[in-house]
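Sequence lines set the chain letters: A, B, ... in the order given, protein chains first and strands last, and positions in each chain run from 1. Predicted model only: the values in this text are computed from it and were never measured.
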Number of protein chains: 2
Amino acid sequence: MSTQLLPEKTVERLSQYRRVLSREIEQGHEHIFSHELAKLLHITPVQVRRDIMLIGHSGSLRKGYNILDLIDMIGEIIDCSNQQKVAIIGIGKLGQALLNYLADNKTNLVVSAVFDNNQEIIGTSFSGVLCHGIEHLKKIVEREHITIGILTVPPQHAVEISKQMVEAGILGIINYTPVSLQLRGAYLEQYDVITSLEKVAYFAKPKNYSMLLEMECEK
Amino acid sequence: MSTQLLPEKTVERLSQYRRVLSREIEQGHEHIFSHELAKLLHITPVQVRRDIMLIGHSGSLRKGYNILDLIDMIGEIIDCSNQQKVAIIGIGKLGQALLNYLADNKTNLVVSAVFDNNQEIIGTSFSGVLCHGIEHLKKIVEREHITIGILTVPPQHAVEISKQMVEAGILGIINYTPVSLQLRGAYLEQYDVITSLEKVAYFAKPKNYSMLLEMECEK
DNA sequence: ATTTTCTTGTTATTAAAATAACAGTTAATA
DNA sequence: TATTAACTGTTATTTTAATAACAAGAAAAT
Ligand SMILES: NC(=O)c1ccc[n+]([C@@H]2O[C@H](COP(=O)([O-])OP(=O)(O)OC[C@H]3O[C@@H](n4cnc5c(N)ncnc54)[C@H](O)[C@@H]3O)[C@@H](O)[C@H]2O)c1
Ligand SMILES: NC(=O)c1ccc[n+]([C@@H]2O[C@H](COP(=O)([O-])OP(=O)(O)OC[C@H]3O[C@@H](n4cnc5c(N)ncnc54)[C@H](O)[C@@H]3O)[C@@H](O)[C@H]2O)c1
């Protein structure tokens, strides 16, 4: 295992490599070339090889990469040996959709608790995961050794609840509320549909899109 | 209006500037300094000023930026004068959650149609938006001048439906299926929760997170 | 009036990411 | 056994994004 942090983008791609590699295994393939893996994700073979170099893995020269080995290696880097546990905080429309998706797609990250403050749903299960009252956050996060949190509460509660999450011992948070957070004590990732959509709107405008195409042609 | 494309990250931040600026207007503020705007998003004042410079807007030296002017300017850049229309394709759990969110938060991008292939829901409305059969995609996209599409169909249909979207005249697509797409003819943005979550898992690992903190201290 | 303070706008520098270039190696082929 | 073809692994270069540095101008203070 390396002593250096991997670039963000490399980590993102590793996650994608693993997903498509699992499918390759299911199809009975044992090895894969960098250009094959690249094609599956519409990126360049060089980028694949560089990423794999960065994680300190090697392929064999005429057979390519051993798929199972590579999956294991990525697993060690991203998920650790003992799989990390995830909680969803605020199990409304978005929280339920995400939970459902995560439950359907087996990953090494398992959602092992969800939290809400709505008395009517506390005690019930969503996709097989029990919903706890938000007041038990710390207790359960500690007991279950949950390290990752998905924040999907209404915006007005985002700041307060995110602090409680860190306080409870959560180490990484993905924030789906449209509220800009600043946390000390946990790694934070932010995502908002509207920002994404407006970015698409900008680059999809005919004038802008054609400029993009021109730039690609020049290369 | 500029003849040069803006950097991706700048466009993303413009979207966020606009959101928080709207809130400032509601609170009766007329002007804002770069350091105030920066604080609201937890970024640096320099980045704010640089972004605003790139869009060709100016503030006044002792009063800061006129908020309404800035909102208008960002609107022209991102949404164009005539607001762009959005369609959601595949109105299942995720599609509904997104639609609900977009309907609640008034933006210049308006969802004006949703599509599905499930007979039971075609003809019904979600958050006030009518669901059409997927076979009418092209007809309605053309008629309504829809330019942006949100793709939330099951993964196995992603490739085929995305082609139909481009064929129908959609110029920008945000793809929430975990399938890597390659399109010619439309700007494409990809987002997947699992990739995001695994990235968080990597950087939240105690050893990695402490390396991150160290790097920040050095600066 | 003159100085000081605070702010913007812009250029210069550094850092991160992607791409390109190419050396090196193995297996197949002649 | 030499030669070629087809890969990987690594370093160098370029591009993109973030940060720093600082000149210049308006208002406030003296
Ligand atoms: N970023 C995005 O892309 C995106 C997309 C859709 C929604 N959202 C945001 O995600 C959040 C959730 O959206 P939604 O549509 O699921 O809303 P929702 O109202 O359906 O769900 C919110 C849930 O949080 C619970 N809740 C409220 N206060 C709480 C508290 N203090 N502690 C714990 N739980 C609490 C509610 O009971 C509810 O179940 C909102 O902030 C919304 O703006 C973001
Ligand atoms: N990327 C992410 O972050 C993320 C998160 C959750 C789900 N997802 C993905 O988003 C997609 C939707 O997820 P979901 O949980 O809403 O699934 P879902 O099954 O609830 O919804 C899918 C919808 O698409 C409709 N559909 C099926 N085939 C269609 C076709 N050919 N044309 C039009 N509509 C069709 C279905 O009738 C259904 O309403 C899936 O691909 C899922 O993997 C992605």
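- What separates CG of L54(A) from C1' of dT8(D) is a distance of 14 Å, to the nearest Å.
- Within a 6.0 Å sphere centred on CD of E30(B), heavy atoms belonging to other residues, nucleotides or ligands number 12 at most.
- Annotation: K9(A), atom NZ; neighbour count of heavy atoms from other residues, nucleotides and ligands within 6.0 Å does not exceed 12.
- Atom CG of D51(A) is separated from atom P of dT10(D) by 14 Å (rounded to the nearest Å).
- Residue F115(B) forms a side chain to side chain contact (heavy atoms under 4.5 Å, CB included) with just one option from V153(B), I161(B), I134(B), and that option is I134(B).
- Using a 30° and 60° split on the angle between ring planes, Y191(A) and Y176(A) fall in the perpendicular class, above 60°.
- Residues S15(A) and Y202(B) bring no donor and acceptor atom of their side chains to less than 3.5 Å of each other.
- For K163(B), the NZ atom is loosely surrounded, since the number of other residues' heavy atoms within 6.0 Å does not exceed 12.
- Within residues 7-14 of chain A, the residues that have a heavy atom under 4.0 Å from DNA chain C are, in order of number, P7(A), E8(A), K9(A), R13(A).
- A straight line from CZ of F33(A) to P of dA27(C) spans 12 Å, rounded to a whole angstrom.
- Contacts between residues 34-50 of chain A and DNA chain C, counted as heavy-atom distances below 4.0 Å, involve V46(A), Q47(A), R50(A).
- Within a heavy-atom distance below 4.0 Å of DNA chain C, the residues of residues 58-69 of chain B found are S58(B), G59(B), S60(B), L61(B), R62(B), G64(B), Y65(B).
- Here dT10(D) presents its C1' atom at 16 Å from CD1 of I55(A), a figure rounded to the nearest Å.
- Of the residues L21(B), L37(B), L70(B), I71(B), the one that meets the side chain to side chain contact (heavy atoms under 4.5 Å, CB included) test with Y65(B) is L70(B).
- Panel note: side chain D69(A), backbone M73(A); no donor-acceptor pair is recorded below 3.5 Å.
- Within 6.0 Å of NZ in K63(A) there are 12 or fewer heavy atoms belonging to other residues, nucleotides or ligands.
- Note on D79(B) versus R18(B): salt bridge recorded, some NZ/NE/NH1/NH2 to OD/OE distance being below 4.0 Å.
- For the pair I52(B) CD1 and dT10(C) P, the computed distance is 12 Å after rounding to whole Å.
- If you measure from atom CE of M215(A) to atom P of dT14(D), you get 17 Å, rounded to the nearest angstrom.
- E12(B) and Q16(B) form no side-chain donor-acceptor contact under 3.5 Å, judged by distance and modelled atom types alone.
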